[in-house]
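Numbering of ligands and ligand atoms starts at 1, following listing order. Starting from 1, each residue takes its place in the sequence as its number.
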Amino acid sequence: MPLLVTGTIGIDTVHTPTAKAEEVSGGSCSYFAAAAAFHHKPIRIVGAVGGDWPNDHAALLESIDGLCLDGLERRSESKTFAWGGRYFDNMNQRETLFTELGVLEEAPPEVPASYSDSRFIFLANSHPSVQLDLLSKFPDRELAVADTMDLWINIARDELLTLFKEIDGLIINDAEAQQLTEISNPITAAKAIIEMGPGFVIVKKGEHGAVLVHNDAIAILPAYPLELTGVVDPTGAGDSFAGGFMGFLAASGRLDFSAMQTAMAWGTVTASFTLGSFGLDGLASTTREDLEARMFDFRRIARVN
Ligand code: AMP
């Protein structure tokens, strides 16, 4: 089941209460793809970078097994998307320090003809009109899921609402769900978002786990329990969660509620490896065996009977 992702490939600068990392490899598409590739191959990337994209960022992405980069456009005259953020003491909340859109202000990247049989589509966080443009190229898709962010809710709400009518699922965090709906309870907020179009909504709650609200039922899952000392940088954890979730679904070829519950657990465990270091390094240095060992642990920790 070919899985395609579009989103940002970015240069991140991250401040945490104890450290700062400059110009690390990030972007919603990069995190998603690196996480999804543990579960399914190939992961087809559609994105663009500028002439300033560092060679070591390119080498890192190219080193990840299972990524197809045929849809990655290198625009020598353009600037790569860049983002800076600062985390507060609990590492659960952050503020954006700057967003330089760069290539996102230009025409969306072309989709290679070889990608045309993609059936699972993930619209990682990006401008909603870029997400809509990509989706319009896949009328025969089986599953389209999107992510979004406070910036787009603020500056592109109309496009976002149009997007909601086209997608099957939305994955967002609790603050964004509240910003969209003005409802603080994640389940009530998710139901209000379902009224806007998607068939299911996953609301991520950081260290408090995630909730899936589906037309059929509701599921909850805790986060993988990490102590604060084990959290170096939460950036990209949401995208990594989505990568694990969609990667598992694409590999299993199943879309039923029970498969989504299992997929959420894989998303949670995959994301836990992003938290341990800056940038993509955490995922890039993790093996399938590491992932399975943590999943084994998580099944035991989250078990009810
Ligand atoms: P997450 O922590 O999962 O929300 O993802 C953070 C990643 O998304 C970072 O690597 C950023 O480069 C990227 N990012 C930050 N802001 C945006 C935005 N407005 N649109 C798309 N990607 C973004």
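Ligand 1 lies less than 4.0 angstrom from a heavy atom belonging to R94. Using a 4.0 angstrom heavy-atom cutoff, G10 does not count as in contact with ligand 1. Taking 4.0 Å as the cut-off, T99 does not count as a neighbour of ligand 1 on heavy-atom distance.
Shown in contact with G238 at under 4.0 Å from a heavy atom are these atoms of ligand 1, numbered in order with element: 3 (O). Close approach of ligand 1 to G27 (heavy-atom distance below 4.0 Å) involves ligand atoms 9 (C), 10 (O), 12 (O). Contact atoms of ligand 1 toward G26: 10 (O) (distance under 4.0 Å to a heavy atom of the residue). Close contacts between ligand 1 and D239 involve ligand atoms 1 (P), 3 (O), 5 (O), 6 (C), 7 (C), 8 (O) [criterion: under 4.0 Å to a heavy atom]. Heavy-atom proximity to T235, at under 4.0 Å, picks out these atoms of ligand 1: 2 (O), 6 (C), 9 (C), 10 (O).
Within 6.0 Å of CG on D89 lie no more than 12 heavy atoms contributed by other residues, nucleotides or ligands. For E110, the CD atom is loosely surrounded, since the number of other residues' heavy atoms within 6.0 Å does not exceed 12. Around CG of L143, the count of heavy atoms belonging to other residues, nucleotides or ligands within 6.0 Å exceeds 12.
Here the shortest heavy-atom distance to atom 11 (C) of ligand 1, taken over I9, D12, T96, I172, belongs to D12. Checking W83, Y31, F81, W152 against atom 23 (C) of ligand 1, the nearest heavy atom belongs to F81.
With a 4.0 Å cut-off on non-hydrogen atoms, L151 touches ligand 1 through its side chain and not its backbone. With a heavy-atom cut-off of 4.0 Å, T8 touches ligand 1 through its side chain alone.
At a cut-off of 3.5 Å, with distance as the only test, no side-chain donor of H57 or S30 sits close to an acceptor on the other residue. Counted by atom type alone, D290 and T287 present one or more donor-acceptor pairs between their side chains at under 3.5 Å.
Checking side-chain atoms of T8 against main-chain N and O of G10 turns up no donor-acceptor pair under 3.5 Å. In this structure, the side chain of S277 engages the main chain of G282 through a donor-acceptor pair within 3.5 Å.
Using a 30° and 60° split on the angle between ring planes, F298 and Y224 fall in the tilted class, from 30° to 60°. Under the 30°/60° scheme for interplanar angles, the aromatic rings of W152 and H127 are found to be tilted.
Between M149 and ligand 1, a contact under 3.5 Å exists for no N or O pair.
With respect to atom 21 (C) of ligand 1, the closest heavy atom belonging to the protein is N125 O, 2.9 Å. Remark: minimum distance from atom 8 (O) of ligand 1 to any protein heavy atom is reached at S28 N, 3.8 Å.
Looking at residues two or more places apart in sequence or on another chain, you find a side chain to side chain contact (heavy atoms under 4.5 Å, CB included) between K79 and D52.
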